[in-house]
Protein chains: 2
Amino acid sequence: MGITIKDVAKAANVAPSTVSRVIANNSRISENTKKRVRKAMKDLGYHPNVNARNLANKSTQALGIVMKSSTDKALQNPFFSEVLRGISAIAHEEEHSLFISTGETENEIYESVERMVYGNQVDGIILLYSQVNDPVSDFLIEKDFPFVLIGKPYNQVDSITHVDNDNVTAAVDITNHLIEQGHERIAFIGGDTDLVVTLDRMRGYELALEKAGLPIKDEYHIHQEFLKSGGREAVHQLFQLDEPPTGLVIVDDLMSIGVMTMLEELGYQVPQDVSIVSFNNVYLSEISRPPLTTVDVNIHGLGCQAAKCVIEKVNNVDEPAKRIIVPYDIKKRQSTREAKNAPLSE
Amino acid sequence: MGITIKDVAKAANVAPSTVSRVIANNSRISENTKKRVRKAMKDLGYHPNVNARNLANKSTQALGIVMKSSTDKALQNPFFSEVLRGISAIAHEEEHSLFISTGETENEIYESVERMVYGNQVDGIILLYSQVNDPVSDFLIEKDFPFVLIGKPYNQVDSITHVDNDNVTAAVDITNHLIEQGHERIAFIGGDTDLVVTLDRMRGYELALEKAGLPIKDEYHIHQEFLKSGGREAVHQLFQLDEPPTGLVIVDDLMSIGVMTMLEELGYQVPQDVSIVSFNNVYLSEISRPPLTTVDVNIHGLGCQAAKCVIEKVNNVDEPAKRIIVPYDIKKRQSTREAKNAPLSE
DNA sequence: CTGAAAGCGCTAACAA
DNA sequence: TTGTTAGCGCTTTCAG
């Protein structure tokens, strides 16, 4: 079942090792025999057996991709496909295969990563999320297995290679956009507080307020899964405050869309009554009503860089840990406008 | 580098073959030695080398997943993550790994499938799309390689195992929903006409109109990529007709959202002026404004069934081709309402 | 019930 | 520049 290197060798009248060298394009083989061997390969329709090669090499040309269990659909959905496209482009370019983790629960995913590592199924791993106390990344560190993180590590920032945006600054910028338009009461709506992105973006939001001399109020922070029930209630309460916000910084485009729907139900209009800015620039943010002003984090670019990084790490074990910051870009669209002139607070 | 079966054998004072049998849980090994061997495995922290096993077995425990090149973001995005979740759940249950195709262009993807097949990287393949004249599926058929299709094959319907919804009937049903509400001028907005889903859903739409004695007009068919420029123009024209539609059957939730945005810009309200029904029940359709009446095709279920099917096919080469129809369910939400009483045409 | 040994397809010394 | 040969780690006859 299947043409092997031996068949080719026989056909080309050389030794199997020669064929192997031709495959590897070894420089010590004469162009002449190379040609002969290549012809034989074509004629017989030879294709290398990846497993045999991996076994002999102790190296698979494969990367593992680990994604968080899909409980929080909101953050994950379109982001995931896009980042995968980026990874996949580079992987193909570099002739690497892509393996993805399976399982639904956090534990199942952990097991699946174990299989990848122990089973020699992949050479390196890309983690598509970064969260506080992640057993998977602990495991990889302990095993000293090559991996990179998309996002910012919760700790050991200097020893884990990661590719990220400067989320703090991005959050500062986008919050400033609101401030420049005269907003003084700006709330923050975040997602899972275990995720480092959430923390970074919140930090930027607070820095911006601080710098502008605006108060940071606890009542202006919401962390909740907005697509579940309960989100509505939280938003409702936010606007029941004596001084309801006129601007919202929301951690993710999809959440923004959910929030806009709730706001409409509650009788508020975006941007007339409330301005919204958010993050990711998922393509949906262009076709939402209104189109969202959002931070384009270059999801595809994050994927590409991550793939390049792991491959580097795999090829060179001594490759030092590095951090790659992918530039962001603010897309100004129609979800914000000047704050009404006389804020309630004055 | 790594504990092998030999190390375990030595530690347990048995032959390597015995260890192998214990791993396979061979019935001819005494419980006693099984215990001893297992203990040794635990103690040493043994993990099988998947490549070696694959090589000896001529079988990887892996499935390949092939997705269409990501040009048409609209159709693909959230659908993909969801179907993947389904596949991944079963894959983990059955202890299979997941390999995904890489590359951006159609040709790169084809190459990547070749690598999977020729390289013995996977035992079976799941195609996440079904399109007219697909070189990938032609290749798999020719190689007689186990695969299943999510969707309906364009031809050879009876010889290709596939899992699908009854899209024709679903389209009939959802179109009838519009008809029952008194709509008589119903347009269809489809996506890529190379995709079989599009064709099926259009067919159902036409059947429903026919049955109700409503005319099927060419001007009422739009096929375009709606997130690109040009979509707006097409929608605009649709509503410039002498008898503009009052109801829209749209092939995908995301397209519906795009269309709603365009409609609003053109000054039409959903559902007051136009009713919309669509397909997939991507979770976004719940949080859109208005929430969409849509066909829940059970994306996750499609993924699960597909995974089960390939695994069956892999385990039993003679497994006959089969078709699995995953039931759909119509979610009635707020994007439709009774047609205005006096249609322009009367 | 268990062991010895051959072989899966390929690579990489080591020779020539 | 090429051939010979010994593995990579595991499975699986075939003996015992």
Side-chain angles (χ1 to χ4, degrees), chain A residues 1-38 40-41 44-62 95 97 115-123, chain B residues 1-38 40-41 44-62 95 97 115-123:
Chain A
M1 182 204 167
I3 311 295
T4 82
I5 216 174
K6 283 188 182 174
D7 301 321
V8 177
K10 216 161 285 173
N13 245 313
V14 294
S17 52
T18 304
V19 178
S20 174
R21 288 184 185 112
V22 173
I23 293 171
N25 202 13
N26 188 313
S27 55
R28 303 182 313 185
I29 300 287
S30 74
E31 273 311 318
N32 221 310
T33 51
K34 271 189 188 172
K35 243 163 223 153
R36 222 169 60 247
V37 171
R38 290 211 177 100
M41 299 202 300
L44 299 181
Y46 168 79
H47 290 273
N49 180 318
V50 178
N51 289 307
R53 179 194 298 215
N54 290 347
L55 181 57
N57 276 337
K58 292 168 150 321
S59 126
T60 77
Q61 294 263 95
E95 311 216 84
S97 305
R115 289 219 316 178
M116 287 188 189
V117 173
Y118 285 134
N120 274 278
Q121 301 195 92
V122 301
D123 290 341
Chain B
M1 186 203 168
I3 309 296
T4 82
I5 217 176
K6 283 188 182 173
D7 301 321
V8 176
K10 215 161 285 174
N13 245 312
V14 294
S17 52
T18 303
V19 178
S20 174
R21 288 186 184 108
V22 173
I23 292 171
N25 202 14
N26 188 312
S27 54
R28 302 183 313 184
I29 300 287
S30 74
E31 273 311 317
N32 221 311
T33 51
K34 271 190 188 172
K35 241 162 224 157
R36 222 169 61 247
V37 171
R38 290 212 177 99
M41 300 202 300
L44 298 181
Y46 169 78
H47 290 274
N49 180 319
V50 177
N51 288 307
R53 177 192 299 211
N54 291 347
L55 181 56
N57 276 337
K58 291 167 153 324
S59 127
T60 76
Q61 294 264 93
E95 310 218 82
S97 304
R115 290 219 314 178
M116 286 187 190
V117 173
Y118 285 134
N120 274 279
Q121 300 196 93
V122 301
D123 289 341

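Source: prediction; values computed, not measured. Below, read A as the first sequence line, B as the second, and so on, with proteins coming before strands; counting in each chain starts at 1.
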Quick one: [X] [atom1] to [N] [atom2], roughly how many Å, whole number?
{"X": "Asn120(A)", "N": "dG9(D)", "atom1": "CG", "atom2": "C1'", "answer": "10 Å"}
{"X": "Asn26(A)", "N": "dG3(D)", "atom1": "CG", "atom2": "P", "answer": "13 Å"}
{"X": "Ile23(A)", "N": "dT11(C)", "atom1": "CD1", "atom2": "C1'", "answer": "10 Å"}
{"X": "Arg28(B)", "N": "dC14(D)", "atom1": "CZ", "atom2": "P", "answer": "12 Å"}
{"X": "Arg36(B)", "N": "dC1(C)", "atom1": "CZ", "atom2": "P", "answer": "14 Å"}
{"X": "Lys10(A)", "N": "dT4(D)", "atom1": "NZ", "atom2": "P", "answer": "12 Å"}
{"X": "Leu44(B)", "N": "dG9(D)", "atom1": "CG", "atom2": "P", "answer": "15 Å"}
{"X": "Asn51(A)", "N": "dG9(C)", "atom1": "CG", "atom2": "P", "answer": "11 Å"}

If you round to the nearest 0.5 Å, how far is [atom2] of [Y] from [atom1] of [X]?
{"X": "Thr33(B)", "Y": "Asn13(B)", "atom1": "OG1", "atom2": "CG", "result": "11.5 Å"}
{"X": "Ile5(A)", "Y": "Leu44(A)", "atom1": "CD1", "atom2": "CG", "result": "12.5 Å"}
{"X": "Thr18(B)", "Y": "Arg28(B)", "atom1": "OG1", "atom2": "CZ", "result": "10.5 Å"}
{"X": "Asn49(B)", "Y": "Lys58(A)", "atom1": "CG", "atom2": "NZ", "result": "7.0 Å"}

Counting N and O atoms only, with roles assigned by atom type, does the side chain of Asn120(A) sit under 3.5 Å from a partner on the main chain of Asn51(B), one being a donor and the other an acceptor?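 No: the side chain of Asn120(A) does not pair with the backbone of Asn51(B).
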Could you go over nucleotides 4-8 of chain C and give all protein N or O partners under 3.5 Å, atom names and distances?
from	atom 1	to	atom 2	distance (Å)
dA4(C)	N6	Ser17(B)	OG	3.4
dC8(C)	O3'	Lys58(B)	NZ	3.4
dC8(C)	O2	Ala56(B)	N	3.4

Taking only side-chain nitrogens and oxygens of [X], does any of them come within less than 4.0 Å of OP1 or OP2 of [N]?
{"X": "Tyr46(A)", "N": "dC10(C)", "answer": "yes"}
{"X": "Ser30(A)", "N": "dT1(D)", "answer": "no"}
{"X": "Thr33(B)", "N": "dC1(C)", "answer": "no"}

### Query
Which residue, Ile5(A) or Ile29(B), contacts DNA chain C at a nucleotide closer to its 5' end, judged by nearest heavy atom?
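Per heavy-atom nearest nucleotide, the more 5' residue is Ile29(B).
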Would you classify Val14(B) as touching base, sugar-phosphate or nothing, given that sugar-phosphate means primed atoms plus P, OP1 and OP2, and contacts are heavy atoms under 4.0 Å?
sugar-phosphate
For Ser20(B), answer base if it contacts any base atom (sugar-phosphate contacts may also be present), sugar-phosphate if it contacts only those atoms, and nothing otherwise; contact means non-hydrogen atoms under 4.0 Å.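 Base, at least one base atom sits under 4.0 Å.
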The answer to which of Ala24(B) and Lys34(A) contacts DNA chain D further toward the 5' end, by nearest nucleotide, is Lys34(A)
Review point. With respect to Val8(B), which candidate in Val14(B), Ile23(B), Val37(B) satisfies the side-chain contact (heavy atoms from CB on, under 4.5 Å) definition?
Key: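 Of all the options given, the one that passes is Val37(B).
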### Message
Hydrogens and angles aside, do Asn26(B) and Lys34(B) bring a side-chain donor and acceptor to less than 3.5 Å of each other?
### Response
no
